[in-house]
Amino acid sequence: MTLADIVERSSRIVFFGGAGVSTESGIPDFRSADGLYRQKYDVPPEVMLSASYFYAHPAQFFRFYREKMLPLAAKPNAAHIRLAQWERAGKLSAVVTQNIDGLHQAAGSRRVYELHGSIHRNHCLSCKKFYPASFIAESRGIPRCSCGGIVKPDVVLYEEPLDGETVEGAVRAIAAADTLIVAGTSLTVYPAASFVDYFRGENLVLINRDPTPLDGKCTLVLHEKVGEALGALPSYLSGETA
Ligand code: NAD
């Protein structure tokens, strides 16, 4: 069966994605050859993005975060757009993403479980006041609330737990799906990668440029670009051009 056949026959698709879903929007992933982890830093990115580093070295954390984690000019690509159309057409029940860039919502997706949080939500650690991403982007040094507290992005840093309600919603959606499309993820970040194991449906599809530990367990494996693969399929919306 082709991906087109599988999508045609499905009515409860769940899409489980990672950083590779946004590379076609110009946002580098972490583990590809041109990913962030292959660039040279004095302190490795996985350390800079840990909770202990954030609290010990907030100024250095925010310098790295502003430079590398705030792609505010990026636009949704063909993958984000197609998934939002499938949701509107009643084919897709949810997107579960490890991404923090908000591009699924920017494309129009409504049910999005953001396992690792979002750059678009930021709160004061003292008084909990909300700040948009632009506040962090435009601040200098350590972003401070009007009360003096540090404004921290609601992104899940290494060493931090995932949000319980988000995990519950994501797992429930995956367990109820007839098709699970896993795409643009190396499946190496836990516990997120383990959520794929809750799938009980018919078709497990993987779309990833490089091989992953899931390749041998899938109904269909496409080593292709996810935007190109999804962009080639119908929107299933009458009256809307693809
Ligand atoms: P990863 O960097 O470990 O792996 C990305 C995978 O996507 C690679 O296997 C690569 O082959 C594949 N890929 C890259 N471009 C692709 C494309 N166009 N089509 C198909 N496959 C493509 O990413 P991960 O597994 O998501 O883990 C990284 C962690 O970093 C996640 O937790 C995520 O939160 C975070 N992150 C997020 C963003 C973002 O929000 N856009 C960007 C970088 C990292």
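When a ligand or atom number is given, it counts from 1 through the structure's own listing order. Please read all numbers here as calculations on a predicted model, not as lab measurements.
No side-chain donor from either of N99 and H104 sits under 3.5 Å from a side-chain acceptor of the other. With 3.5 Å as the limit, one finds a donor-acceptor pair spanning the side chains of Q85 and R82.
The N99 neighbourhood of ligand 1 comprises atoms 37 (C), 38 (C), 39 (C), 40 (O), 41 (N), with distances under 4.0 Å to a heavy atom of that residue. The distance from ligand 1 to the heavy atoms of G18 drops below 4.0 Å at these ligand atoms: 26 (O). If you number the atoms of ligand 1 from 1 as listed, the ones under 4.0 Å from a heavy atom of T185 come out as 6 (C), 7 (O), 24 (P), 25 (O). Each of the atoms 39 (C), 40 (O), 41 (N) of ligand 1 lies under 4.0 Å from some heavy atom of D101. Ligand-side atoms of ligand 1 in range of P28: 42 (C), 43 (C), range being under 4.0 angstrom from any heavy atom. Per-residue contacts place E224 under 4.0 angstrom from the following atoms of ligand 1 (heavy atoms of the residue considered): 19 (N), 20 (C). Every atom of ligand 1 is numbered from 1 in the order shown, and the set under 4.0 Å from a heavy atom of D210 is 10 (C), 11 (O).
Looking at ligand 1, you'll find an N or O of A19 within less than 3.5 Å of one of its N or O atoms. In terms of polar-atom proximity, defined here as any N/O pair under 3.5 Å, E24 does make such a contact with ligand 1. Between I100 and ligand 1, at least one N/O pair is under 3.5 Å apart.
Protein heavy atom closest to atom 35 (C) of ligand 1, with residue, atom name and distance, is F30 CE1, 3.7 Å. The protein heavy-atom contact nearest to atom 17 (C) of ligand 1 is G20 O, 3.3 Å. Annotation: atom 12 (C) of ligand 1 to nearest protein heavy atom, N208 OD1, 3.4 Å.
Residues passing the side-chain hydrogen bond (donor to acceptor under 3.5 Å, both in side chains) test with S139, sequence neighbours excluded: R66.
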